[in-house]
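Structure first, then comments.
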Amino acid sequence: MKKSRQNKIIEIIQKVDIDTQEELANRLKNAGFDVTQATVSRDIRELKLTKVSVGGGRQKYVVLQQEEGHLGDKYIRVLRDGFSSMEMAQNILVIKTVSGMAMAVAAALDALKLPEIVGCIAGDDTIFVAVRTVEETHLLMDKIHGFVKA
């Protein structure tokens, strides 16, 4: 049942722009799945869905984590599309993004599995990236500049 429901979630978000858990739950109910908001929230987390901006102040859920073989280009594209600027604060890298894109960019950074990154915390347009050392922060900044300038 869970696998079937999660497959339906992916099918729905690929066909329709869904921007709230409530809207997704309603679509699932219309498709014959008896779900609660908590179930939908868990499924979103397990499927590694994230929201991306679609313009006009709207967002939609997308599957950011693809098969391992497709990592690089898709994640770098998300990084490039959402990135605005970055500033170093010792071993914390503060990345500014287009409004509404911080979570998608942070998920892309996590998915790229860059060894310098310990973890990311994202808001609406700001990401705090924890880096092991000041030296690795400089290295990470160079890598990110390379990704967004390419």
Minimum side-chain heavy-atom gap [X]-[Y] below 4.5 Å:
{"X": "D81", "Y": "V98", "value": "no"}
{"X": "I9", "Y": "L47", "value": "yes"}
{"X": "L140", "Y": "I117", "value": "yes"}
{"X": "L93", "Y": "I144", "value": "yes"}

How long is the gap from [atom1] on [X] to [atom2] on [Y], to the nearest 0.5 Å?
{"X": "Q6", "Y": "R42", "atom1": "CD", "atom2": "CZ", "answer": "10.0 Å"}
{"X": "L24", "Y": "K8", "atom1": "CG", "atom2": "NZ", "answer": "11.5 Å"}
{"X": "K48", "Y": "D43", "atom1": "NZ", "atom2": "CG", "answer": "12.5 Å"}
{"X": "T97", "Y": "M86", "atom1": "OG1", "atom2": "CE", "answer": "13.0 Å"}
{"X": "C120", "Y": "L109", "atom1": "SG", "atom2": "CG", "answer": "5.0 Å"}
{"X": "I12", "Y": "Q14", "atom1": "CD1", "atom2": "CD", "answer": "11.0 Å"}

Determine whether a donor-acceptor pair (N or O, by modelled atom type, separation under 3.5 Å) exists between the side chain of [X] and the backbone of [Y].
{"X": "T137", "Y": "T133", "answer": "yes"}
{"X": "Q59", "Y": "G100", "answer": "yes"}
{"X": "R80", "Y": "F147", "answer": "yes"}

Cluster question for you: counting only ILVMFWY and a side-chain heavy-atom cut-off of under 4.5 Å, with indirect links fine, are [X] and [Y] together?
{"X": "V105", "Y": "M88", "answer": "yes"}
{"X": "I92", "Y": "V134", "answer": "no"}
{"X": "V148", "Y": "L114", "answer": "yes"}
{"X": "V118", "Y": "L112", "answer": "no"}
{"X": "V131", "Y": "F128", "answer": "no"}

I need the minimum non-hydrogen distance between [X] and [Y], along with the two atoms involved.
{"X": "A108", "Y": "Y75", "result": "CB-O, 3.6 Å"}
{"X": "L49", "Y": "Y61", "result": "CB-CD2, 4.1 Å"}
{"X": "S41", "Y": "Q21", "result": "CB-OE1, 3.6 Å"}

Fill in: Pair listing, side chain to side chain donor-acceptor pair (under 3.5 Å) test, anchored in residues 85-94, at least two apart
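Side chain to side chain donor-acceptor pair (under 3.5 Å) check on residues 85-94 returns no pairs.
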Worksheet item: Among pairs that include at least one residue of residues 22-34, which meet salt bridge (charged side-chain N to carboxylate O under 4.0 Å, His left out), considering only residues two or more places apart or in two chains?
Response: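 Passing the test, one end in residues 22-34: no pairs.
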Practice prompt. Could you note down all residue pairs passing salt bridge (charged side-chain N to carboxylate O under 4.0 Å, His left out) where residues 115-134 supplies at least one of them, sequence neighbours left out?
Written response: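 The answer is E116-K143.
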Practice prompt. Please lay out, stage by stage, how F83 and K96 fare under the test side-chain contact (heavy atoms from CB on, under 4.5 Å).
Written response: CA-CA 6 Å; F83 179 86; K96 291 295 198 172; over 6 Å; no
Discussion item. Between the side chains of E11 and K15, is the shortest nitrogen-to-carboxylate-oxygen separation below 4.0 Å, so that they form an ion pair?
Written reply: yes
Worksheet entry | Qualifying residue, where the test is side-chain contact (heavy atoms from CB on, under 4.5 Å) with I127 and the options are I95, V94, I121 |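 The residue from I95, V94, I121 that satisfies side-chain contact (heavy atoms from CB on, under 4.5 Å) with I127 turns out to be I95.
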